[in-house]
Amino acid sequence: MSIDRQALHAHAAACLGQNKPAGELVDCVARSFPDLQVFRENDDLIIKGGTRFLLVRRAGPDRFRVTENVAVPSTNVIDSGGGAERTLAELIDEISAIGQ
C-alpha cells in the first residue's frame, strides 16, 4: 500500500500540535496504516506489525523517542532515556517500514 507521506506528515503535525503526547497519533496512524495494530498506552503510541512492536514517546516539538521490540512491547528502554531519537518525518518512515 502506498501512502502520501506529505499528507500524513501534515495530518500528524496537526494532531500533535506543539505539546500533545505521541499517543495522540493513534487515529492518524491507524487510518493511514490499516494493516497495523495501533494503540495508546498512557501518553505513548504503540504500533504492532506482525511480531514487532514500535513504541513511541514524544521528546519535544519535533522529536520522538522510539524503540522497537520483538514479541512483547516494553517501555523500559524509553523509560530509562534510551531509544532512538526521530523527527516526525523519520518517525513516519519508520512506521511505514514496520508496516511492510
Side-chain angles (χ1 to χ4, degrees):
M1 180 181 94
S2 177
I3 63 160
D4 182 343
R5 283 191 167 93
Q6 285 184 322
L8 177 56
H9 187 279
H11 186 247
C15 288
L16 288 169
Q18 288 296 310
N19 299 312
K20 292 181 182 173
E24 294 293 321
L25 290 174
V26 165
D27 292 335
C28 179
V29 173
R31 193 174 0 211
S32 297
F33 300 95
D35 294 339
L36 297 177
Q37 294 178 19
V38 184
F39 52 99
R40 180 180 183 155
E41 184 174 297
N42 299 316
D43 288 341
D44 299 332
L45 178 67
I46 300 176
I47 303 163
K48 181 177 187 256
T51 59
R52 297 166 53 200
F53 289 86
L54 193 65
L55 289 87
V56 182
R57 181 173 291 165
R58 187 106 188 236
D62 188 38
R63 305 307 296 170
F64 300 87
R65 293 303 251 172
V66 178
T67 185
E68 185 176 328
N69 300 76
V70 177
V72 178
S74 171
T75 61
N76 290 345
V77 172
I78 292 177
D79 291 341
S80 64
E85 192 164 293
R86 302 279 187 259
T87 64
L88 182 55
E90 293 167 334
L91 177 61
I92 290 169
D93 289 343
E94 195 153 347
I95 293 169
S96 297
I98 200 170
Q100 295 178 353

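What you see below is based on every heavy atom in this structure, not just the backbone, and it leaves out hydrogens, waters and symmetry mates.
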How many angstroms lie between atom [atom1] of [X] and atom [atom2] of [Y], to the nearest 0.5 angstrom?
X   : Y   : atom1 : atom2 : value
R57 : I46 : CZ    : CD1   : 9.5 Å
F53 : I98 : CZ    : CD1   : 9.0 Å
I95 : I47 : CD1   : CD1   : 3.5 Å
R86 : I92 : CZ    : CD1   : 13.0 Å

* To do: Sequence neighbours left out, what passes side chain to side chain donor-acceptor pair (under 3.5 Å) with D93? Give chain and number order.
  => R5
* Decide yes or no on side-chain contact (heavy atoms from CB on, under 4.5 Å) for L25 and V56, but give the supporting numbers first. => CA-CA 10 Å; L25 290 174; V56 182; 5.8 Å; no
* Asked: Where do C15 and C28 come nearest, in terms of heavy atoms and distance?
  -> SG-CB, 4.0 Å
* Closest heavy-atom pair and its distance - P34, R31 ->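 Result for this residue pair: CD-O, 3.9 Å.
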* Is L45 close to V29 at the side-chain level, that is, under 4.5 Å between some pair of heavy atoms? -> yes
Show me the donor-acceptor pairs, under 3.5 Å and distance only, between side chains in residues 58-66 and residues at least two apart or in other chains.
unit_1, atom_1, unit_2, atom_2, d
R58, NE, G60, O, 2.8
R58, NH1, L16, O, 3.4
R58, NH1, K20, O, 2.6
R58, NH2, G17, O, 3.1
R58, NH2, Q18, O, 3.2
R58, NH2, P61, O, 2.7
D62, OD1, L88, N, 3.0
R63, NE, E85, OE2, 2.7
R63, NH2, E85, OE2, 3.0
R65, NH1, G83, O, 3.4
R65, NH2, G81, O, 2.8

* By side chain to side chain contact (heavy atoms under 4.5 Å, CB included) - contacts of D43 (at least two apart) ->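 With sequence neighbours excluded, D43 shows a side chain to side chain contact (heavy atoms under 4.5 Å, CB included) to P21, R40, given in chain and number order.
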